[in-house]
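Chain identifiers are assigned alphabetically (A, B, ...) following the order of the sequence lines, protein sequences preceding nucleic acid strands; residue numbering begins at 1 within each chain.
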Amino acid sequence: MAVLRNTLSLRNQGGGAVLGFVTLLAFSSGIPALAQVPPPPPPVTMAAVPLTKVVRAQQTMVSLNFRVPPGYHINSNTPKSEFLIATALKMDLPTDIILGKIDYPPGEELTFPFSPDEKLSVYAGDFTVAVGVHPMHSVVPGKYVMRGVLRYQACDNAACYPPRTLPVSFEVKVAKEPSSGNKNPAQSPHVHN
Amino acid sequence: MAVVIALGLYVGYHNARRSSSSPTPHLAQSSLAPDFSLEALDGKTMRLSDLRGKAVLLNFWATWCGPCKIEMPWFVELQKHYGSQGLQIVGVAMDDASKEEIGKFAKDMGVNYPILIGKESVGDQYGGVPALPETFLIGRDGKIVDKILGLRGKAEIEDAVRKALDTRPASNQAAASSQATVPAPR
């Protein structure tokens, strides 16, 4: 996968200027060019996440809404083959903010022209991943940025593209635990004899 | 000429701006297939130019590529059917999976042609391999006859194979057209 990924990143660093000229020369010189290379798919995108209030010592689920571009699909978090690359969110949270559970939606079970007899578990269109954020009691109240990456691998109806990662970030506002008022009942008087 | 250069720079500029920039180098039909040496699943090194004199179907694939999986049984059949006529199918796994995993996958698929462990540099030689599967048909003279990007019908692949088989080896390569067989994955 790195083989393809690195190749793509190299190509995206300005080889286009050379290519345009070479392509033009190829056209003008009458060299029969091979089939045109299709552009890589547009990336999966994530909608902006509104600032979420999270309370210390509690887990709050934050919803991340992703969109797969039309005409493409990505494997779900639980693809049906060990060889397929699962969509997975990896978070790297600030100190003392614990990553809780990550809830992935079930994949849509679809068949594709390249796999007519086998249903694949995929995400297409919009899907939501919920992330548990659990600030410890020691966290100073305030705003914190949560960062991570969504790794996925996209295909269309006829081809598959190298795995990619989408940077993910959202902000939470950590608040103190609600005051408990007279939470602790008066202690029974101890009798000391 | 100035207009051509200006137009070339304009096209190039826009290509560079697009995240979907096309690969370099741009392989033209009838250009010599870039030579490479890669390790096969059996640990031996295979050089493309050693196959000169044969028609070669060079298939870039990966274990995570569903469409690639569909083609593989077709390639098995094509190798069986046209092998005696001088077809050699070669798979190049553009994969981060281990050699063992790739070998297991190939074995499960019943692959009867050599599988090589791909490298980024070889992908670059072949235009960057932006998507999989990607297949090059190489004539007996070592020149690229056709390229098939993405999953197409078996008939289309077979037509391209016939086109590659119809080529003639370069005169000084005729002797190199040995009947030696290439080992399939173990």
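Between B:Pro130 and A:Tyr161, the shortest heavy-atom distance links the atoms O-CD2, 3.7 Å. When all heavy atoms of B:Pro133 and A:Ala158 are compared, the pair lying nearest together is CD-O, 3.9 Å.
Going from atom CG of A:Leu84 over to atom CH2 of B:Trp64 covers 10.5 Å, rounded to the nearest 0.5 Å. If you take CG on B:Leu151 and CG on A:Asp156, they are separated by 10.0 Å, rounding to the nearest 0.5 Å.
Looking at A:Cys160 and B:Cys68, their side chains never come closer than 4.5 Å, going by heavy atoms from C-beta outward. No side-chain heavy atom of A:Phe112 sits under 4.5 Å from any side-chain heavy atom of B:Pro67.
No single ILVMFWY cluster, assembled from side-chain heavy atoms under 4.5 Å apart, contains both A:Leu64 and A:Leu51. With hydrophobic clusters built from ILVMFWY side chains whose heavy atoms lie under 4.5 angstrom apart, A:Val49 does not share a cluster with A:Val55. Under a hydrophobic-cluster definition in which Ile, Leu, Val, Met, Phe, Trp and Tyr are linked whenever side-chain heavy atoms come within less than 4.5 Å, directly or via other members, A:Val149 and A:Val44 are assigned to different clusters. There is a path of hydrophobic side-chain contacts, each under 4.5 Å, that joins B:Trp74 to B:Phe105. Connection of A:Leu110 to A:Leu120 is established within a shared hydrophobic cluster, with ILVMFWY side chains joined at heavy-atom distances below 4.5 Å, either directly or through further cluster members.
Residues forming a salt bridge (charged side-chain N to carboxylate O under 4.0 Å, His left out) with B:Arg162 (at least two apart in sequence, or on another chain): B:Glu158, B:Asp159.
Of residues 70-83 of chain A, those residues with a non-hydrogen atom less than 4.5 Å from any non-hydrogen atom of chain B are, in numerical order, A:Glu82, A:Phe83.
Surrounding CZ of A:Arg67 are at most 12 heavy atoms belonging to other residues, nucleotides or ligands under 6.0 Å away.
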